[in-house]
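Okay, structure first, notes after.
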Amino acid sequence: MKAVVLAGGEGIRLRPLTSNLPKPMIPILNRPFLERLLLRLKEHGVGEVALALSYLPEVVKSRFGDGDGLGVRLFYPQEERPLGTAGAVKNWAIHLNDAFFVFNGDIFTDLDLGQVLRFHREKQAKATIVLTQVEDPTAYGVVEMDPSGRVKRFVEKPPADQANSRWVNAGTYVLEPEVLEHIPAGKHSMFERGLFPLLVEMGVPVYGYPSRAYWMDLGTPRNYLQVHRDLLLGGASFIGGSNLVGQRSMVRPDGEMVQEGVWVGAGCRIAPDVRLKPPVALGPRCVVESGAQVLGPLVMGAECIVGAGAVVDGALLWDRVQVGPKATLTRCIVAGGVVVGAGVTVGPGCVLADGVVVEEGNHLGDGVVLWPGKHLEAGSLTRA
Ligand code: GTP
């Protein structure tokens, strides 16, 4: 089975985390999301994957190469300029000669791909769109179906009183190659607004596959943080035996579980009086100094240093972050190599991009965003 992963978007909503890193490469529990996706595809019998890149393609190519290390054959279609979701798949059409999967490269889900494929074949669909249910469909493209699941129409961002369905496009499709004939070659075009409505209008069988699997669009800082909370809390409760959210425990943190809900990578040094509140996952070679508090749900990348008396609470830290003594970080995202000085506070919703330096005595209130390389001198931002 073959698949195309759409991974060319600029990830504007996730800036500045995506200023130097394409969105599919952002770490999920310390491994690039794309790596996790590719491993999952392999488990489901997908042996060949075209990664449709456009933004910062070298970052992906240099990491995964021909896929040998992952056991999946990888191909990189050339996309001189962004061709859109459908245009990018059309660009690979000559290599697709049987039913194949398409994945948005920014959706975290534990969807059972085998079931989707069976559904597609049973219905003799030409296109199957996986659907997820949302509370408020007004911000999405809603899919309306008949009782058999055949798609009747698509409604883009319906007003609340006109939303007849809460099922929305989940960004995973099974397509028969012949539908690609209806996508214009070499032009920008999108599945949601282009190919799918056209197929329905032409009477081609397009089906919706309603899925209750876990589903999260990683495309915003809030969702990116949330997926970690869900994974860690799900994983912890599974391990605790409740099995409430067993499916979510499919992704476990790396490292050794030293107590329930506490995963520690190789070579970490944690002072004996540190308070570790599960669930927490520490990458390899982290150092946590005396009196510090590491409060979950929290993830720390490799080689982070948390200074004496610092408090890191509900945060997501990438690799090599340095947190100074008595600093306090709360429910924020801190990218690779950031240095946070002594006594600094970083509030909920803050995003510190790679290489940021915040010298001592700064107080970053809720939602402050610092772009790559920003250097805040001591005491530049004080409490209001
Ligand atoms: P924002 O800029 O934050 O809206 O994100 P995005 O454009 O990266 O993602 P969006 O949700 O709009 O797109 C869904 C998926 O399709 C993402 O995985 C994108 O990487 C991918 N994608 C969007 N446009 C293109 C494109 O022109 N070419 C390719 N190859 N992939 C695309």
Side-chain angles (χ1 to χ4, degrees), residues 2-28 32-38 40-41 49-61 63-64 74-96 100-109 111 129-132 134 137 139-143 154 156-157 168-173 175 180 183-196 215-227 333 335 351 353 369 371:
K2 295 183 182 177
V4 179
V5 175
L6 298 165
E10 291 191 25
I12 288 166
R13 291 165 300 149
L14 205 51
R15 293 254 168 99
L17 295 171
T18 46
S19 297
N20 298 315
L21 195 68
K23 185 164 53 171
M25 294 302 280
I26 59 167
I28 298 289
F33 166 66
L34 195 53
E35 179 178 324
R36 296 196 178 277
L37 175 62
L38 292 170
R40 214 165 69 78
L41 297 191
V49 181
L51 295 177
L53 309 172
S54 167
Y55 176 67
L56 302 174
E58 291 310 324
V59 179
V60 180
K61 288 182 188 172
R63 172 76 186 229
F64 298 122
L74 294 181
F75 298 89
Y76 300 95
Q78 287 282 339
E79 201 173 324
E80 301 296 327
R81 59 199 150 76
L83 289 172
T85 49
V89 176
K90 172 79 175 181
N91 195 31
W92 194 243
I94 63 163
H95 303 278
L96 301 165
F100 62 96
F101 283 110
V102 178
F103 299 93
N104 276 6
D106 57 356
I107 301 297
F108 191 91
T109 176
L111 178 71
I129 305 169
V130 177
L131 307 173
T132 189
V134 292
Y140 293 87
V142 168
V143 181
F154 299 90
E156 225 13 72
K157 300 189 178 144
V168 304
N169 182 342
T172 300
Y173 321 115
L175 302 180
L180 301 180
I183 302 173
K187 287 195 180 146
H188 188 278
S189 91
M190 303 293 281
F191 282 119
E192 309 81 324
R193 291 186 293 279
L195 180 69
F196 292 150
W215 184 87
M216 183 67 77
D217 167 7
L218 299 173
T220 63
R222 175 194 282 260
N223 286 4
Y224 177 49
L225 199 54
Q226 186 62 43
V227 85
I333 304 173
V351 179
V369 174
W371 287 70

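All of these numbers come straight from a predicted model, not from anything done at the bench. One-based numbering, in listed order, for ligands and for the atoms of each. Counting from 1, the numbers follow the sequence of the chain as shown.
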With heavy atoms only and a cut-off of under 4.0 Å, state how A88 meets ligand 1: side chain, backbone, both or neither. side chain
Atoms of ligand 1 under 4.0 Å from any heavy atom of T85, numbered from 1 in the order shown, are 16 (O)
Relative to ligand 1, is D217 under 4.0 angstrom through side chain, backbone, both or neither, heavy atoms considered? neither
For H188 and ligand 1, does the shortest N/O to N/O distance drop below 3.5 Å? no
Interatomic spacing from CG in N91 to CD1 in I183 - rounded to 0.5 Å: 10.5 Å
Any non-hydrogen side-chain atom of S189 less than 4.5 Å from a side-chain atom of K90? no
For ligand 1, which atoms have a heavy atom of E79 less than 4.0 angstrom away? 26 (C), 27 (O), 28 (N), 29 (C), 30 (N)
Quick check on contacts: which atoms of ligand 1 are under 4.0 angstrom from a heavy atom of G105? 18 (O)
Could you tell me whether a side-chain N or O of Y55 sits under 3.5 Å from a main-chain N or O of T18, the two making a donor and an acceptor? yes
If we set the cut-off at 4.0 Å for heavy atoms, which region of E10 has an atom near ligand 1: side chain, backbone, both, or neither? backbone
E192 side chain vs F196 backbone, donor-acceptor pair below 3.5 Å: no
G219 N/O to ligand 1 N/O under 3.5 Å: no
Can you sort out which atoms of ligand 1 are near L83, meaning under 4.0 Å from one of its heavy atoms? 27 (O)
Taking only non-hydrogen atoms of I12 and a 4.0 Å limit, the atoms of ligand 1 in range are 1 (P), 2 (O), 3 (O)
Verify atom 12 (O) of ligand 1: protein non-hydrogen atom under 4.0 angstrom away: no
Would you tell me which option among A50, G9, P24 has the nearest heavy-atom contact to atom 23 (C) of ligand 1? G9
Under 4.0 Å to a heavy atom of A52 - the qualifying atoms of ligand 1, by number: 29 (C), 30 (N)
Ignoring angles and geometry beyond distance, decide whether L6 reaches within less than 3.5 Å of ligand 1 through its nitrogen or oxygen atoms. yes
Answer whether the closest heavy-atom distance between the side chains of W215 and L111 falls below 4.5 Å. no
What verdict does the ring pair (Phe, Tyr, Trp, His ring centres under 6.0 Å) test give for Y173 and F103, after you've listed the backbone C-alpha separation in whole Å, the side-chain angles of each residue and the deciding distance to 0.1 Å? CA-CA 7 Å; Y173 321 115; F103 299 93; 9.0 Å; no
Going by the order shown, which atoms of ligand 1 are within less than 4.0 Å of some heavy atom of P82? 27 (O)
